[in-house]
Protein chains: 2
Amino acid sequence: MAVSARRGAPLTPEEIHSTALRLVEEGGVEALSMRKLAAVLDVNPMSLYHHVANKTALISQICQTMAGRLALPDKPGSPWQERLRDLAHAYRRMVHRYPSLWAYIHTHPETVADHQGGIWDVLFPILADAGVPEEERTTTADVLHGFVAGLVVTERQGHLGRDDPAQADRVYETAIDMIIRGLPRP
Amino acid sequence: MAVSARRGAPLTPEEIHSTALRLVEEGGVEALSMRKLAAVLDVNPMSLYHHVANKTALISQICQTMAGRLALPDKPGSPWQERLRDLAHAYRRMVHRYPSLWAYIHTHPETVADHQGGIWDVLFPILADAGVPEEERTTTADVLHGFVAGLVVTERQGHLGRDDPAQADRVYETAIDMIIRGLPRP
DNA sequence: TACGTAGCCATACACCGTATGGCTATCGCT
DNA sequence: AGCGATAGCCATACGGTGTATGGCTACGTA
């Protein structure tokens, strides 16, 4: 199969994805270039294109592997308020781990498929328990997701806890309180 | 002064900013390049650098001119709920007008100075009327801004009103309701 | 043994931002 | 009037980007 002269084994999509994700974690999305990635993998840049359609497809794929790493908590017995809070915290943790990639997703929504798997499977039952009627759950989920996403972006921008990370935690908590307070219809 | 051979008059920063903003409105931030801008202005690319420090400075400047175009409503007599709603709508209108530039700001917060002028001067009195104690107003403003920004981004991504723009209006309205409901402490 | 093909690579193209340095026409000053 | 400073413009060049094109090698299968 004409394996690379410099490397022993042939490339695998997994190897490409993980190293690309590592590059993004280290230097942001703008630090990921096909040439640099190829250099790290010790391969000619064009060899990547035998395993990846193009750069945007690659980013989309590593976005999905990142989303797959979202640690989803759900304690079915607990009240919906607590579960919603846990979910918001899990979301926050993930954004803090991959801030740059997350910003990319926010401006390129097409990279992530719609409303299936991951967060949504956890969020919908929570909304059901909170008394949101079924026909409103999709949009409510969208609104809540928008709120939390905007909140985390704001935090990433340095506001809410400019100096003190403990204060950021507190502000995040009270913001979640606000959401929980606002969710039930009067 | 050795005016351009091809143009009659010398370049002005205003001309550069407005044409750059036009390019961004038409094709997004990624469609703005110094070379294209120079071509539109019928000038050598390097001539731009006598009026603009570099590309990011240029973008930062057109961000500010955009922010200056935010139509800020404020009816001091009305209740804070109504004024908050008006502000959220003004924000939404602006994001819809310059979606790409807005996304850029969200991922490059350094482009816009902090907490002075524009929105904040209007938002702070509203929060005061809503009974938010002074020492919490900054973070509360940040949280609310995060909420609304995330909401609009979500809308821009096609959710909340996928098909029907009227439905998007309705959902936005109820989301603002939710914020207003959640703002006062219990 | 012959062939298809999977994997790799070298080259090239068009684009990008911008550092460098030189040209010219105008202004203020002597 | 003469002259230096300077504002505005431009040509060239460097290092970077994504990727189209086409050719090479070595393996699996028939």
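Since the model is a prediction, treat every value here as computed from it, not as a measurement. Every chain is numbered from 1, with letters handed out A, B, ... down the list of sequences.
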J.: Within this structure, what is the CG-CG distance for the pair B:Leu37 and B:Leu21, rounded to the nearest 0.5 Å?
T.: 11.0 Å

J.: Quick one: does B:Arg83's side chain have a donor or acceptor within less than 3.5 Å of a partner on B:Ser78's backbone?
T.: yes

J.: List the residues meeting salt bridge (Lys or Arg N to Asp or Glu O under 4.0 Å) with A:Glu134, not counting sequence neighbours, and say none if there are none.
T.: none

J.: Does a side-chain heavy-atom distance below 4.5 Å link B:Val24 with B:Ile59?
T.: no

J.: Might you list the N or O atoms of the protein lying below 3.5 Å from N or O atoms in nucleotides 14-16 of chain C, with each pair's distance?
T.:
from	atom 1	to	atom 2	distance (Å)
C:dC16	OP1	B:Ser33	OG	2.9

J.: Using OP1 and OP2 only, check whether a side-chain N or O of A:Asn44 sits under 4.0 Å from C:dA10.
T.: yes

J.: If a pair satisfies salt bridge (Lys or Arg N to Asp or Glu O under 4.0 Å) and one of its residues is in residues 94-103 of chain B, list it, with sequence neighbours excluded.
T.: none

J.: Got a sec? Which of residues 45-52 of chain B come in under 4.0 Å of DNA chain C, heavy atoms?
T.: B:Met46, B:Tyr49

J.: Report the relative orientation of the aromatic rings in A:Trp102 and A:Tyr91; use parallel for angles under 30°, tilted for 30 to 60°, perpendicular for over 60°.
T.: perpendicular

J.: Within this structure, what is the CG-to-C1' distance between A:Leu58 and D:dT17, rounded to whole angstrom?
T.: 15 Å

J.: Quick one: B:Glu15 CD to D:dG8 C1', roughly how many Å, whole number?
T.: 14 Å

J.: In whole angstrom, what separates A:Asp42's CG from C:dG7's P?
T.: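 The distance from CG of A:Asp42 to P of C:dG7 comes to 18 Å, rounded to the nearest Å.
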
J.: Please report the distance, rounded to the nearest Å, between CG in A:Leu23 and P in D:dT17.
T.: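 Atom CG in A:Leu23 sits about 12 Å away from atom P in D:dT17.
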
J.: Which residues pass the salt bridge (Lys or Arg N to Asp or Glu O under 4.0 Å) test with A:Glu173, not counting sequence neighbours?
T.: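 If we apply the salt bridge (Lys or Arg N to Asp or Glu O under 4.0 Å) test to A:Glu173, skipping adjacent residues, the hits are A:Arg85.
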
J.: Can you tell me the distance, in whole Å, between the CG atom of B:Leu11 and the C1' atom of D:dC10?
T.: 12 Å

J.: Of all residues at least two apart in sequence or in a different chain, which pass the salt bridge (Lys or Arg N to Asp or Glu O under 4.0 Å) check with A:Arg92?
T.: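 Salt bridge (Lys or Arg N to Asp or Glu O under 4.0 Å) list for A:Arg92, sorted by chain: A:Glu155, A:Asp169.
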
